[in-house]
Amino acid sequence: MDLTYTAEEEQFRAELRDWLAGSIPPEWAEPGFWRSLDDDESFRLRREWEAAKTAAGFSGIQWPTEYGGRGGTPGMKAIYDEETVRAHAPQTVNVLGLTFLAPTVMAIGTPEQKSEIIGPMLRNEVIWCQGFSEPGAGSDLAAVSTRGVRDGDDFVVNGQKIWTTNAMHGDKIFTLVRTEPGSERHKGLSMMLIDMHQPGVEARPLKQMSGASEFGEVFFTDARVPVKDCLGEIGQGWRTAMLLLSFERGASGVGQYTEFRRQYDEIVEQMRRFGRSDDPVARQKMANCLVELECLRYHAMHILTQVEQGRDLGAESSMTKLQWSETFQDLWEAFDDVLGPEASLERPRPDVDLTPYQAQAMWSRSVTIWGGSSQVQRNIVAERVLGLPR
Amino acid sequence: MDLTYTAEEEQFRAELRDWLAGSIPPEWAEPGFWRSLDDDESFRLRREWEAAKTAAGFSGIQWPTEYGGRGGTPGMKAIYDEETVRAHAPQTVNVLGLTFLAPTVMAIGTPEQKSEIIGPMLRNEVIWCQGFSEPGAGSDLAAVSTRGVRDGDDFVVNGQKIWTTNAMHGDKIFTLVRTEPGSERHKGLSMMLIDMHQPGVEARPLKQMSGASEFGEVFFTDARVPVKDCLGEIGQGWRTAMLLLSFERGASGVGQYTEFRRQYDEIVEQMRRFGRSDDPVARQKMANCLVELECLRYHAMHILTQVEQGRDLGAESSMTKLQWSETFQDLWEAFDDVLGPEASLERPRPDVDLTPYQAQAMWSRSVTIWGGSSQVQRNIVAERVLGLPR
Amino acid sequence: MFFALTEDQQAFAATVREFVADRFDLDAVRAVVEDPDGDGHPMTLWKGLADQGALAVLVPEEHDGLGLGLLDAQVVARELGAAVAPGPWTTTVLAAEALRLAGSPAQQAAWLPALAAGETVGTVALRGEAGSWDGRSGRGITVDASGERLSGTASPVDYPAVAGLFVVAATDADGAPGLYLVEAGAEGLSVRDQRTYDGTARVGAVELADTPGELLTGGTLSGGEAVGAVTARGAVLTAADLVGVAREALTRTVDYDRDRKQFGAPVGSFQAIKHTMADLHVGVTMAEHAVLFAAHALDTDDPGADIAVAVAKAKASDAAWAATGAMIQFFGGIGFTWEHEAHFFYKRARRRAPLFGSADEHRERLAALTID
Amino acid sequence: MFFALTEDQQAFAATVREFVADRFDLDAVRAVVEDPDGDGHPMTLWKGLADQGALAVLVPEEHDGLGLGLLDAQVVARELGAAVAPGPWTTTVLAAEALRLAGSPAQQAAWLPALAAGETVGTVALRGEAGSWDGRSGRGITVDASGERLSGTASPVDYPAVAGLFVVAATDADGAPGLYLVEAGAEGLSVRDQRTYDGTARVGAVELADTPGELLTGGTLSGGEAVGAVTARGAVLTAADLVGVAREALTRTVDYDRDRKQFGAPVGSFQAIKHTMADLHVGVTMAEHAVLFAAHALDTDDPGADIAVAVAKAKASDAAWAATGAMIQFFGGIGFTWEHEAHFFYKRARRRAPLFGSADEHRERLAALTID
């Protein structure tokens, strides 16, 4: 065991920390800050801050320098995740593009796609959305009804996607379209890169139970997509999708731990405020969340080690998803539980605004659903890790 | 709501209580008493006591008087269950015969079967075993490999049954045998009543993890069974079995509650002894068991009402099984948990013998397996009560 | 042995259920939820409930009530929970119960007819901010030496803004607890809106500053017994509401997953989901039993009533919490949207679960009753 | 970043695993279990472990040890747990750790070589009967004013009957805790057999009556710190044992259910069982991580070591409890029989889970560290 980073990595941490200290105003650290802005304003602020971050050399940490990345190590990426959370940096606006699309384009994109997509994405000149789910399909990504019909050099696309993050601020969307009429499930799909600024594409916000709108719906009505804007082979969209999803597997647990651990402390602070911190039963519940949080931290170090050793994580990422999502949900379940009747009041006292906490607690209900529900992840662990029969 | 019993029923209670007070020696109430005897001695004592109970008119409470029963009400049966537990009466030796076989014989037995089976069973002259499970089949009762081949007026039976209660003390066994060669699952089975005192039948005790042997295995090697000793039609054994199992559905929850509630108090007593009764976390765990125990009590009253109203309980008995078995297991899980390191010691102090408690805790692991595992019961509730698709 | 509702009680339940379904469906609920600045007290619903005697159910006949029991009242609570219906029904009934149990004939005559008719909205203020329901950690409100002036803060109080009458638990100068009547508009009384995420309710803190209050006295119960009796009835009616929420959440989830397809099969055919639903069904059924028993135990002064109330509230709180969480999970993404009704159930369950004592508090109460 | 065992450590684990599999399989375990009057200390196993350096692993090289860390030692604990192997390995290692951490050079020289070679069996007596592991509720043993005579009772103590050396936590006349050496056969020392249902261990109460004891002093740690350090190491090694039990229980269950058929399909294809196994796999994996981290944290004096130890013990206790309970359930009836090995795992997990602090006690410790 050696849980330290290299000197070069620590040097990177110092530089990043410096830059973050200078670029993040103190008010961004307040729990309610981002909720206090309207959606467009919040997005604009984040977009600009992140473009500046790219200019300062702190984006695309592990990307090759030829793509404008930093060419860093997995350790640097883990440090990046940790330090940005610690500094209260805002959520990445291009998260799905950066996580999924960019590495896929690097791997199988045409030269034109590489040059047209990656740089502008990194500089936030183009915001990418992901369109993976369709209404009612949930975690079943092969249930694609959106269809594309060839018309000269274009496909004409009709259909609907749902649970699209940043749908209202997206410029382009990558999405699976059924291009072989009559095909079923994983066959006959193509991965398309679709310009959202055209008459045939309409995005609508999807309001969540918390009142916020992190997600949206995207409707395609005779949207036109040039054939050259397919990523990977036409008809082989499922293979592209699987490659794309494989890039989810990384060392993000370090950042998640840092974030959730801070949330733990914030909940503890509220327990103290409302006289609950001496209750032995409430203490057990919180401490059990801490057990799982610390395990997430160790797991992140384990995964980082695997990545550094060049091992394929494969189905292990399903364990990571289960651990972080269930732990996060349990933590906010504990918030509701240990604060008693105060938990559901927006302002239990005139000087206390619990709405940011309540929004987090409600958001926590979604994390076991999206990105492959806990039920789907358990199937994967049982079948692919433990080898139980289908 | 009217949670009282009729005057006639209360009169029955008074009589039964009187008789029990006079027939049960005080030492039978001590936790370790029955374990202190050897198996044969314990069985003999119980058999004799119960024969006396029959003679006193306190067996077959709900059975018609023509069969030697008392012709009582469901309420009297509930009172019987409650009072026998309260008086520390021993477990019935003919339990599976009385519960399952006798009512089935009354319903579909031949006149000879009725006269030959029911009276001797009630007087404990013949002890009946049940042979429902086969090795490895678990809750899958249709997985019957034991086969019977017609030879003149007999069937010649070969095969093996497992999890047979009282196997070492049984005189006869009722069991499913595959009488149509090549048949599968529910088809081609016959319910046979087999004399265990013949060379072709051997019973072996099955030692449990607690060291006790409530169960045994029964081996058939060219055992001979007269054709007239089939119950119900030949080849229709599954139908007979389903009828038989339907008699499990009754008001037994009242007795179970009484027993488990006493066990709760016994565990509390040990908590006090070992200084654990003030621990708020241990108190939560015990109190949660109490919540479930009290719910079992209410549920028993609900079921008794249904029975008195003549309603068919159907799949509702799966809920009863889940509630009592999971609650009982949780209660003894709490014993292990709240007593800490003392829980696993047979004699933590010279004057304290925990072995009867530990045996109970280990026995509690079996109740979610036999009689249809919790998994099987959940399937039944989901499909037959909630109507979810297979 | 008859552990069930009578035909009359079942008919009463059906009447309330049909009325609410006809006249106050989920669209009507949504209108209240989406108007958080509104009073959350729709008159169509209130008048209909009054017409059906739902407000008079526990009030003695001599005060224009129906003179029925808590078992009858819980029928209404359950239907309102199942319909996630807004309004001050529970608190009005509890205020009337306080008067019935602890009030003098004059106090009863002054208020009960108006409460039974729905002309006056009542509410109860039993807990100090961040305090416990049993007063162990002190009450929020104290009475001065005159015995007639109250000061302090109580929270959460349901529907304080529309209440005409407040029943307040307070500690007098000798440290003795008791229930006091405070009228809306009384000197020094102010209501601070605390706003809850449960849009089917309106909640505030009640702040009293040397406010005139009248001790409930001369009835069957007084002092701490009276406070305890009203809290117990609040626990049972809240448990009934939660059971209604839980049952309806489960039924809707089962109905949806019976048909919804994923991976080529109905979601409800996946065993892991079936088993979750089966366990929830058992849990909700047990909670239903427990609420019936607890209501009956209070109606009949059963010596085990203390245990029964704690069991019912603990079980119903847990069942509602579990069933509504599962509702969101097993509706998939759609259950997480504002447009879907799942969050009405979820938020109502979360808010009400700790009222009149959380599951943990009631379990500790059970420990005190059976271990100490 | 390297969060894993080194190749050397993996090779060490493989050596221990293969030795135990070859020379001390489940039949050998059964022989010990079925001879409860025997000493539970088979020499084949003990000598083999000594030959492999498994007893010397933590002992400094100047005392004939290997001078390795807890990370290396937990490798052995885990393999012994997976093999449900009997014997006083854990307690002997802990006694040596007490000497290493708190003993004077002379005390170390007197005992460590014999402990490292397996010539002397050591054990630790840290808890009073029905007490707590952290001494909050007082210790079972006190020291008289001379500082050299000990009286009282400690329990549970593993393998007291075969121990040549006892390391005893006791409170002196000033109320200060410390670790004392007591030799087998000392005046006033008696061992009361308490017998446990876990046949893979032998347990008793150690009763001292004015028994001569020697304070461990002159080492790196002393007093309460020394007691705490040995308890922490006991917690981590027990957690490692429990993780071994849990992983092996899960692996055996998965292997069995992959093939076993019911209702015409492999039991392991039923989704409810798959999901239970998946959750157990995640839980056991997290416990594995936690034990590695805690051992490393103690080895490196990490400032977060207190948290790490509590996390590891809480998680491992829960994981072993859950995995062995599931083993019985999902082997079906056979897992409940004496002939089957499931009960070795189940009983070992149950007995060891509360040792050196239960999951609840360690969670309370976490609360104290992060909430107070």
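These numbers come from the heavy atoms of this one structure, side chains and all, not from hydrogens, waters or symmetry mates. Order of the sequence lines fixes the chain letters, A, B, ..., with proteins taken first and strands second; residue numbering starts at 1 for each chain.
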Counting heavy-atom pairs under 4.5 Å with chain B, which one of [options] comes out on top?
options	answer
C:Ala314, C:Ala290, C:Ala287	C:Ala290
C:Asp259, C:Asp257, C:Leu366, C:Thr251	C:Leu366
C:Thr276, C:Val282, C:Asp299, C:Ile371	C:Ile371
C:His281, C:His362, C:Glu288	C:His281

What is the minimum heavy-atom distance between [X] and [Y], and which atoms define it?
X	Y	answer
C:Val311	B:Val291	CG1-O, 3.9 Å
B:Arg272	C:Thr370	NH2-O, 4.0 Å
C:Ala278	B:Ala382	CB-N, 4.2 Å
C:Ala367	B:Ala287	N-CB, 4.2 Å

Worksheet item: With only heavy atoms counted, which part of C:Leu369 is less than 4.5 Å from chain B, the side chain, the backbone, both or neither?
Response: neither
Item to complete: Please state whether the side chain, the backbone, both or neither of C:Ala308 comes within less than 4.5 Å of a heavy atom of chain B.
Response: both
Quick one: does [X]'s side chain get under 4.5 Å of [Y]'s, heavy atoms only?
X	Y	value
B:Met1	C:Phe2	no
B:Arg283	C:Arg363	no
C:Phe270	B:Leu388	no
C:Met1	B:Thr4	no

Worksheet item: Can you say whether B:Arg261 sits under 4.5 Å from chain C via the side chain, the backbone, both, or neither, judging by heavy atoms?
Response: side chain
Worksheet item: Which bit of B:Leu322 comes within less than 4.5 Å of chain C, counting heavy atoms only: side chain, backbone, both or neither?
Response: side chain
For chain C, which of [options] has the most heavy-atom pairs under 4.5 Å?
options	result
B:Leu3, B:Ile380, B:Leu290, B:Val268	B:Leu3
B:Val385, B:Asn379, B:Val381	B:Asn379
B:Gln377, B:Glu292, B:Glu326	B:Glu292

Practice prompt. For the pair C:Phe293 and B:Tyr298, name the ring-plane relationship: parallel under 30°, tilted 30 to 60°, perpendicular over 60°.
Written response: parallel
